[in-house]
Amino acid sequence: MPRASKRKAAPSTSTSVTSCDAVPPRAASGKCKSRKVVDRIGSLFELYANQSLNMIDPEGIEALCSDLGVDHTNVRILMLAWKMKAEKQGYFSRDEWQRGLKELHVDTISKLKKALPGLEKELMTPPKFEDFYAYAFRYCLTEERQKSVDIETVCELLNLVLGPLYRLQVDLLIKYLKVQSEYRALNMDQWLHFYRFCKEISFPDLQNYDSDQAWPVIIDNFVEWMRDEQS
C-alpha cells in the first residue's frame, strides 16, 4: 500500500504508517484481523512442522492428535485431511494447513478441537460424504501411479469410513474380504460400489439385488457368499 503522506486528499502527520492505517478504519480492522488470523494459523503450523521438510510429518500429526485428544486413527483426522485437501498421506503442507484451518474458521488448537464435531456433521450430508468417501481411498494411494489398495487396508478403511453408517453390511463385507482369495487389492471403482451397495440394497435379505445391473464381480461374489451363509 502507498504511504499516507503521498495521498493528496489526506496529508499525514507521520512519515510512516502501517498498511492497516492506510485504509478506512472499518476496512483496516477487517484486514488486520484477517492478517492476525493468518499469522496465528502459521504459528500453529510451525509448532507441529518438521522444519527441514517445511511440512507437518507423521510425528507432527501424532503430536497434533495428542493435543486434540483424539487417536491418530480416528476418522476425524481423516476428515481434517479431507478439509485440507491433503495430497500425501501422513503429511500436511503449509498451504494445505492454512486452507483447512481458514475454511474451519479456527486459529488455535482449542478452536480446532471444538470444530471437529461440526466437521463430522458436515460430512454426513450425502454429497459431502460421497466426496469424502472417494477421497479416503485416494489418500491411501501412497505410490506414484498406484491404482489399487491392499485388502487389509481396504478393510480398515471400510470400518473407519463406512462402518459408522452401515455397521451390519460393513462387518459382513470385511468378513468376506478376509476369507476370499481371489482379490489381493481393490481399485477405486470397486471401492465406490461398496458404498452404492450399502445405500441401495436391502440388507440382509438382498431382495432387490440384481446381478444384471453391472455390479463389479466382487460384489456378485459377496452376495453369493452371503446367500450361501444364510442357507
Side-chain angles (χ1 to χ4, degrees), residues 53 55-59 61-62 65 71-93 95-96 99-100 119-120 123-124 126-201 203-204 206 209-229:
L53 298 175
M55 297 183 77
I56 297 176
D57 62 6
E59 185 177 342
I61 290 179
E62 285 197 20
C65 291
D71 190 88
H72 71 279
T73 61
N74 192 291
V75 69
R76 289 179 175 178
I77 300 304
L78 183 58
M79 290 175 175
L80 182 58
W82 169 82
K83 196 67 173 180
M84 294 182 186
K85 296 182 174 62
E87 294 183 359
K88 186 177 181 181
Q89 188 182 81
Y91 294 83
F92 297 151
S93 71
D95 287 345
E96 290 166 351
R99 174 170 54 232
L119 176 58
E120 188 171 8
L123 281 171
M124 288 304 101
K128 292 285 183 71
F129 182 81
E130 289 171 12
D131 186 69
F132 169 65
Y133 181 78
Y135 170 83
F137 187 88
R138 291 195 302 271
Y139 195 57
C140 291
L141 300 175
T142 56
E143 304 294 332
E144 188 176 355
R145 298 183 180 179
Q146 183 180 347
K147 300 295 183 182
S148 60
V149 175
D150 65 274
I151 289 294
E152 183 179 354
T153 300
V154 166
C155 289
E156 292 174 358
L157 206 56
L158 281 170
N159 185 59
L160 186 68
V161 177
L162 210 53
L165 295 178
Y166 302 100
R167 186 76 271 162
L168 179 59
Q169 291 95 318
V170 168
D171 284 348
L172 287 171
L173 184 53
I174 288 174
K175 182 179 179 180
Y176 165 72
L177 290 174
K178 288 183 175 180
V179 299
Q180 62 83 36
S181 58
E182 186 174 354
Y183 297 89
R184 297 178 62 183
L186 300 180
N187 59 36
M188 174 67 89
D189 182 66
Q190 293 164 326
W191 172 257
L192 293 177
H193 273 88
F194 287 158
Y195 179 47
R196 178 194 164 200
F197 177 86
C198 290
K199 283 197 307 177
E200 297 181 6
I201 302 304
F203 206 85
L206 307 171
Y209 185 81
D210 184 354
S211 59
D212 292 331
Q213 290 186 351
W215 290 97
V217 174
I218 193 169
I219 299 291
D220 289 336
N221 292 348
F222 171 58
V223 170
E224 183 178 348
W225 173 83
M226 269 206 63
R227 285 172 172 162
D228 288 342
E229 290 284 298

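This structure is a prediction, so every number in the text was calculated from the model and none was measured. If you read the sequence from its start, that first residue is 1, and numbering goes on from there.
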Exercise. Might you work through the side-chain contact (heavy atoms from CB on, under 4.5 Å) test for Leu172 and Arg167, ending with a clear yes or no?
Key: CA-CA 9 Å; Leu172 287 171; Arg167 186 76 271 162; over 6 Å; no

Quiz item: Checking ring pair (Phe, Tyr, Trp, His ring centres under 6.0 Å) for the pair Phe203/Tyr166: CA distance, chi angles, key distance, verdict?
Solution: CA-CA 10 Å; Phe203 206 85; Tyr166 302 100; 9.5 Å; no

Self-check item: CA sep, side-chain torsions, deciding dist, call: Leu160, Thr73, side-chain contact (heavy atoms from CB on, under 4.5 Å)
Solution: CA-CA 8 Å; Leu160 186 68; Thr73 61; 5.6 Å; no

Quiz item: Can you list the steps and then say if Met226 with Leu206 is a side-chain contact (heavy atoms from CB on, under 4.5 Å)?
Solution: CA-CA 9 Å; Met226 269 206 63; Leu206 307 171; 4.1 Å; yes

Practice problem: Apply the test side-chain contact (heavy atoms from CB on, under 4.5 Å) to residues Val223 and Ser211: give CA-CA distance (whole Å), side-chain angles for both, the deciding distance (0.1 Å), then the verdict. | Solution: CA-CA 9 Å; Val223 170; Ser211 59; over 6 Å; no

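In this structure, the side chains of Pro164 and Val75 stay at 4.5 Å or more apart for every pair of heavy atoms. The side-chain heavy atoms of Leu141 and Lys147, taken from C-beta on, include no pair separated by under 4.5 Å. Annotation: side chain of Cys65 is in contact with side chain of Ile77 (closest heavy-atom distance under 4.5 Å). Side-chain atoms of Phe92 and Asp57, non-hydrogen and from C-beta on, never get closer than 4.5 Å to each other. Residues Arg138 and Met188 meet the side-chain proximity criterion, which asks for heavy atoms closer than 4.5 Å. When side chains are defined from C-beta on, Tyr91 counts as touching Leu53, because their heavy atoms get closer than 4.5 Å. With contacts defined as side-chain heavy-atom distances shorter than 4.5 Å, the pair Ile174/Asn159 qualifies. Contact annotation: the side chain of Tyr195 approaches that of Glu130 to within less than 4.5 Å [non-hydrogen atoms, C-beta and beyond].
Separating the CG atom in Leu186 from the SG atom in Cys140 is a distance of 12.0 Å, to the nearest 0.5 Å. The distance from the CD atom of Gln169 to the CZ atom of Phe194 is 13.0 Å, given to the nearest 0.5 Å. Interatomic distance, Leu165 CG to Cys198 SG, rounded to the nearest 0.5 Å: 9.0 Å. Atom CG of Asp220 sits about 15.5 Å away from atom CH2 of Trp225, to the nearest 0.5 Å.
Within the 3.5 Å criterion, the main-chain N or O of Glu59 finds no donor-acceptor partner in the side chain of Glu62. Distance alone, capped at 3.5 Å, places no donor-acceptor pair between the Tyr135 side chain and the Met79 backbone. Formation of a donor-acceptor pair under 3.5 Å by the Glu156 side chain with backbone atoms of Thr153 is not found in this model. In this structure a side-chain-to-backbone donor-acceptor pair under 3.5 Å is present from Gln190 to Asn187. Although no hydrogens or angles enter the test, the distance criterion places no donor-acceptor pair under 3.5 Å between the side chain of Glu143 and the main chain of Arg145.
When every heavy atom of Tyr209 is checked against every heavy atom of Ile219, the shortest pair comes out as OH-CG2, 3.4 Å. Between Ala185 and Ile151, the closest heavy-atom pair is N-CG1, 3.9 Å. Of all heavy-atom pairs spanning Ala136 and Leu157, the tightest one is O-CD2, 3.5 Å. Shown here for Phe129 and Val161, the closest heavy-atom pair between the two residues is CZ-O, 3.7 Å. Shortest non-hydrogen contact noted between Leu158 and Leu177 is CD1-CD1, 3.8 Å. In terms of heavy atoms, Lys85 sits closest to Glu96 at O-OE2, 3.7 Å.
Atom NZ of Lys199 is surrounded by more than 12 heavy atoms from other residues, nucleotides or ligands within 6.0 Å. Counting heavy atoms of neighbouring residues, nucleotides and ligands inside a 6.0 Å radius, atom CD of Glu87 does not exceed 12 of them.
Aromatic ring pairs are classed by plane angle as parallel below 30°, tilted from 30° to 60° and perpendicular above 60°; the pair Trp191 and Tyr133 is parallel. Between Trp82 and Phe132, the ring-plane angle classifies as perpendicular under the 30° and 60° cut-offs.
A salt bridge is absent between Lys175 and Asp171: the closest approach of a Lys/Arg side-chain nitrogen to an acidic carboxylate oxygen does not fall below 4.0 angstrom.
For the 3.5 Å distance criterion, the side chains of Ser93 and Asp95 fail to qualify, holding no donor opposite an acceptor. For the 3.5 Å distance criterion, the side chains of Gln180 and Asn221 fail to qualify, holding no donor opposite an acceptor.
Residues passing the salt bridge (Lys or Arg N to Asp or Glu O under 4.0 Å) test with Glu120, sequence neighbours excluded: Arg76. Every residue two or more places apart in sequence or in another chain that forms a salt bridge (Lys or Arg N to Asp or Glu O under 4.0 Å) with Arg196 is listed here: Glu200.
You'll find the ring centres of Phe222 and Phe197 inside the 6.0 Å limit.
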